[in-house]
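All remarks here apply to the structure that follows.
Remember, it's 1-based here, ligands and their atoms both numbered in the order they're listed. None of the values given here were measured: they were computed from a predicted structure.
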Amino acid sequence: MEAPPFSSSSSQLLALRSSSTYSRLFLRSNLRKTHFNFKPSRNFSVRASSNGDSVVTLLDYGAGNVRSVRNAIRYLGFDIKDVQTPEDILNANRLIFPGVGAFAAAMDVLNEKGMAEALCTYIECDRPFLGICLGLQLLFESSEENGPVNGLGLIPGVVQRFDSSNGFRVPHIGWNSLQIRKDSEILDDVGAQHVYFVHSYRAIPSDENKDWVSSTCNYGDNFIASVRKGNVHAVQFHPEKSGDVGLSVLRRFLQPKSTGTKKPTEGKALKLAKRVIACLDVRTNDKGDLVVTKGDQYDVREHTKENEVRNLGKPVELAGQYYKDGADEVTFLNITGFRDFPLGDMPMLQVLRYTSENVFVPLTVGGGIRDFTDANGRHYSSLEVASEYFRSGADKISIGSDAVYAAEDYLRTGVKTGKSSLEQISKVYGNQAVVVSVDPRRVYVKHPNDVEFKTVRVTNLGPNGEEFAWYQCTVSILCFSFTQVSGGREGRPIGAYELAKAVEELGAGEILLNCIDCDGQGNGFDIALIKSISDAVSIPVIASSGAGAAEHFSEVFTKTNASAALAAGIFHRKEVPIRSVKEHLLKEGIEVRI
Ligand code: 1PR
């Protein structure tokens, strides 16, 4: 069962993180004093599926999006039993632990619920176990994440933050390759194909843990990508978000005997791939249907007498198509979310739920993430809005307008209040789950000293021969007329460069960099803007707006430090398929997932 909307889980986590127990070192020896009513009902040496049981026990402590793991398990034909008590862990046939959120908060919850000891016992008895992401990290002795904080202590080693000083962007987000170190069975179909990672902390292989390490990944240095001992497995990457190859990892864990012989290694993955993202701008049209639309410089209405909202298809269908076509991620932007409160916009939540049932790459959703008071006076925090998006299937949320206000406040006062939506959501869900979407407009100037904001030299001169421009951030606003309320955009006194640096400090994990001037024009990305921002921050930057040909993708990846490129119009109008973009990038020597 999914957690009910607005369960107290996120607020509990927040409370836990600020409580005095938050950074308390966890002494595993104390755990040993707890006694459980453990009734081993089966032979420990029997592999997971050999008894034909189709039930998987899932340890979900309520800190984030476990929906995608649930969907992947169900997609593979298994039923889920949720852990309610430590005994459920001890009596499981096979246990999946998709850790989400922060290390310390997770350990606090496991300790408080008495589950840490049960997990140790289960694993030490060599019962079928699969830890995912934080579910791998928690097996180690300790983590430096808001710590040091002790973990379960089953594997020697300390979980540490990636070092961004050597130019590697943190979080490590995207599709990377594995170096298989020993036979791990569940990785038998991976070979040289990419799998999806999203994390800021990692464990390092050493002599002490080498009998556990089954694969490593290189990102700045070699880190542990998976461990395996007997029936106990854990992976740092997300199999539930790694497309077909990830589903095969889960399948091999769930059905170890039925997956046939080892396949030859295929694929050419060597390093972190550049991502190609399909974006779906979604809104309700005048007939009340939720449609995928697409603007020209953010104008999404047809220039006809009827002035209808441009309709380019159905969101769930198109997202499913892009997944099959090889999109590395799918992004939904609920472009009227700021005025139609997203939690009142149930169709959008349904879109996420349905999409996540069949799309096994990361899903991002944006639009309307802010505090809101409804007509009945009920107040919803932006954290509640984001939580509902996560519960409905989003892996990342994207904040637009509210992040602009937060950055303005931060730059004006120099104080991080911790109260902005950006800070609150990244505190609970981790900064890798929070994208900031920037919607700037070019403002030409004669000389950089003419403005207080960072300028770039433009390739096409401004209307009065200007050689420079700054990029003014905009926010969604309501425009009232006698006949209707419509959306518009208001320029704010902050540049895209200043905003990007501020939101990185406030906890953004990634920047989705649009450009209103280029949107829908098909003339290529704004290289000067993207270079300036991707050089200024150490979090990944997604280049957006203006793609009109496969060559525009290679241009943005060779001339800037963008980690991903996003497009909408060319994919919706079927002008350039995602496959052609990838083939072109491969031909140009740019690493992509195929
Ligand atoms: O401000 O937090 O409610 O978020 C609103 C979100 O909706 C923001 O992420 C903002 O970018 C988006 N949005 C608002 N109005 C529009 C509009 O089009 N009228 N869509 C809009 C922005 C921009 C891109 C687009 C690329 C690629 N869409 O994401 O998909 O420019 O297009 P192209 O390849 O066709 O050039 P909040």
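Ring geometry for F571 versus Y322: interplanar angle of 30 to 60°, hence tilted. The aromatic rings of W470 and F453 sit parallel, their planes meeting at an angle under 30°, below the 60° perpendicular limit.
Among protein heavy atoms, the minimum distance from atom 25 (C) of ligand 1 is reached at D519 OD1, 3.6 Å. The protein non-hydrogen atom at the shortest distance from atom 24 (C) of ligand 1 is N514 OD1, 3.2 Å. Of the protein's non-hydrogen atoms, S401 OG, 2.5 Å is the one closest to atom 1 (O) of ligand 1. Looking at atom 34 (O) of ligand 1, its nearest protein heavy atom turns out to be A568 N, 2.9 Å. The single protein non-hydrogen atom nearest to atom 13 (N) of ligand 1 is I335 CG2, 3.5 Å, given as residue, atom name and distance. Ranking protein heavy atoms by distance to atom 33 (P) of ligand 1, first place goes to K294 CE, 3.4 Å.
R370 does not count as a contact of ligand 1, since none of its heavy atoms falls under 4.0 Å from the ligand. Ligand 1 has D439 within reach: a non-hydrogen atom of the residue lies less than 4.0 Å from it. Heavy-atom separations between G366 and ligand 1 are all 4.0 Å or longer. Assignment of G295 to the shell around ligand 1 is not supported, since no heavy atom sits closer than 4.0 Å.
Only side-chain heavy atoms of L333 come within less than 4.0 Å of ligand 1; its backbone N, CA, C and O stay farther off. Proximity of S476 to ligand 1, defined as any heavy-atom pair under 4.0 Å, is confined to the side chain (atoms from C-beta onward).
By the neighbour-count criterion of 12 heavy atoms within 6.0 Å, atom OH of Y405 is densely surrounded, having more than that number from other residues, nucleotides or ligands.
Formation of a donor-acceptor pair under 3.5 Å by the T455 side chain with backbone atoms of P448 is not found in this model. Formation of a donor-acceptor pair under 3.5 Å by the H194 side chain with backbone atoms of K271 is found in this model. A donor-acceptor pair under 3.5 Å is formed between the side chain of Q521 and the backbone N or O of D519. Judged by distance alone, with hydrogens and angles left aside, the side-chain atoms of T560 form no donor-acceptor pair with the main-chain N or O of F557 at under 3.5 Å.
Identified under the salt bridge (charged side-chain N to carboxylate O under 4.0 Å, His left out) test for residues 495-506, with sequence neighbours left out: none.
Here atom 2 (O) of ligand 1 lies nearest to G400 when heavy atoms of G367, G400, C279 are compared.
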